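Written out below as structure tokens is the structure these notes cover.
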Protein chains: 2
Amino acid sequence: MMGKHMGPPWWHGRFRGRGYRITVAREAILDVLNRTSEHLSAEDVYLAVHKVHPNVGLTTIYRTLELLVQLGLVFKFDFGDGRARYELAETPKGTRHHHHLVCTVCGRVIDYTDFIDDEIELLSRTEQALSKKFNFKITNHLIQFYGLCNECHRKQ
Amino acid sequence: MMGKHMGPPWWHGRFRGRGYRITVAREAILDVLNRTSEHLSAEDVYLAVHKVHPNVGLTTIYRTLELLVQLGLVFKFDFGDGRARYELAETPKGTRHHHHLVCTVCGRVIDYTDFIDDEIELLSRTEQALSKKFNFKITNHLIQFYGLCNECHRKQ
DNA sequence: GTTTTTAATGAAAATGATTTTCATTTGCTC
DNA sequence: GAGCAAATGAAAATCATTTTCATTAAAAAC
């Protein structure tokens, strides 16, 4: 189960601080994202939330996910299958930063955290240099590798 | 103008080799992509092609762009504005590999080639390691930085 | 605790990029 | 130049996402 002796969820402050309300739908959506390590689409989130709160509509899912992205609590990805995917940016414990391997045949997505340290270091150097050169305030980055996964490679 | 003494366009072989036909529409589309350094949407390409060949439909644009992506001649990007963007993967001379800076406020996209060398080197090491570990045949990668461009940063 | 204020929500309709269908056209092989 | 499958255009269909608007419910004010 969840941790013991918990106060209000960690993200309440982020909402209150900006004047956003804490609602049943928002709690439920964050809860779903918090419980999974998958790359959920808006509909995935909707279905999961719907099991517990059948009265929460898909529109609210979209609106809330968008808000969470704006707040930086959630990352939005495009893996090329025509629907956006969402992942919590941070968990209470702080999930390890990861990047993605996307199979261009079957669409499978593999997370990896290996080699991240080197990447992060280079990225941070690059970010600084880019920020300076283009006067661009970098807040985030996206790194994805594309190719054929084990299965699809074999079948070709 | 274009180079002198040119034979058949460089990409004809890529088509013929795989049994694809060389058509007016395809030539026009590749020509448009070849002439620009912008990140064109399908509609952008359509409008440009339409000026010269008003009989080429949007459907063909989509179909051809998709084919070009499959052939690896064109890269498809998502900058978050709800429409895909296309760029020629290589020019006759071999355009410098570049990555993107995307402004999350105004949507502006800046290409950069600086610092690419370091990145490429790290990427190539990472790709090898990932390929081995996950048995994943990497064919391509995507790197984008997000943040606020000069203008938008100032206005905030 | 009750009232008040206004953000948040749900349902339905709208949007808009992309895809599919299908009859017609056109490269390319022989 | 004929034959044939690939390619095409126009129109319709798809489908994820957004907008509209009347209703509900957080949270502030009392």
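Because the structure is a prediction, the values reported are computed rather than measured. Letters A, B, ... are given to chains in the order of the sequence lines, protein chains preceding strands, and every chain is numbered from 1.
Phe77(B) and Ile143(A) are assigned to two separate hydrophobic clusters, defined by single-linkage of ILVMFWY side chains at heavy-atom distances under 4.5 Å. Note: the hydrophobic cluster containing Val109(B) does not contain Leu65(B) (ILVMFWY, side chain heavy atoms under 4.5 Å, direct or indirect links). Neither Leu142(B) nor Val69(B) shares a network with the other; the hydrophobic side chains, linked directly or stepwise wherever heavy atoms of I, L, V, M, F, W or Y lie under 4.5 Å apart, form separate groups for each. In this structure, Val24(A) is not a member of the same hydrophobic cluster as Ile22(A), with clusters built from ILVMFWY side-chain heavy atoms closer than 4.5 Å.
Across residues 76-87 of chain A, Gly82(A), Arg83(A), Ala84(A) each have a non-hydrogen atom less than 4.0 Å from an atom of DNA chain D (numbered order). Of the residues in residues 56-69 of chain B, Thr59(B), Tyr62(B), Arg63(B) come within less than 4.0 Å of DNA chain C through at least one heavy atom, sorted by number. Less than 4.0 Å separates DNA chain D from no heavy atom of any residue of residues 36-47 of chain A.
Aromatic pair Tyr112(A)/His98(A): centroids not less than 6.0 angstrom apart. Between His39(B) and Phe79(B), the distance from one ring center to the other falls under 6.0 angstrom. In this structure, Phe145(B) has its ring center no closer than 6.0 Å to that of His100(B). Aromatic ring centroids of His141(A) and His99(A) lie under 6.0 Å apart.
A nucleotide of DNA chain C counts as in contact with chain B when one of its atoms lies under 4.0 Å from a heavy atom; the first and last such, 5' to 3', are dA17(C) to dC28(C).
Within a 6.0 Å radius of NE2 in His12(A), other residues, nucleotides and ligands contribute more than 12 heavy atoms. The environment of Gln70(A) atom CD is dense: over 12 non-hydrogen atoms of other residues, nucleotides or ligands sit within 6.0 angstrom.
With sequence neighbours left out, the side chain to side chain donor-acceptor pair (under 3.5 Å) criterion links Tyr146(B) to Gln144(B). Under the side chain to side chain donor-acceptor pair (under 3.5 Å) criterion, Ser41(A) pairs with Asp44(A), sequence neighbours left out. For Glu121(B), the salt bridge (Lys or Arg N to Asp or Glu O under 4.0 Å) partners two or more places apart in sequence, or in a different chain, are Arg125(B).
Contacts classified as salt bridge (Lys or Arg N to Asp or Glu O under 4.0 Å) and involving residues 59-76 of chain B (residues at least two apart or in different chains) are given here: Glu66(B)-Lys76(B).
At a threshold of 4.0 Å, the pair Asp114(A)-Lys133(B) counts as salt-bridged, since one of the basic side-chain nitrogens sits closer than that to a carboxylate oxygen.
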Once base and sugar-phosphate atoms are separated, protein heavy atoms under 4.0 Å mark nucleotides 23-30 of chain D, 5' to 3', with B, S and - as --BBS---
Enumerate, atom names and distances included, each donor-acceptor pair closer than 3.5 Å involving a side-chain atom of residues 51-61 of chain A, sequence neighbours excluded.
none

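Comparing Gly19(B) and Asn55(B) by the nucleotide of DNA chain D that holds the closest heavy atom to each, the one mapping nearer the 5' end is Gly19(B).
Residue Leu122(A) belongs to a hydrophobic cluster whose other members are Leu122(B), with links defined by side-chain heavy atoms closer than 4.5 Å.
An angle of 40°, rounded to 10°, separates the two end axes of the helix from dG1(C)-dC30(D) to dC30(C)-dG1(D), each defined over five pairs.
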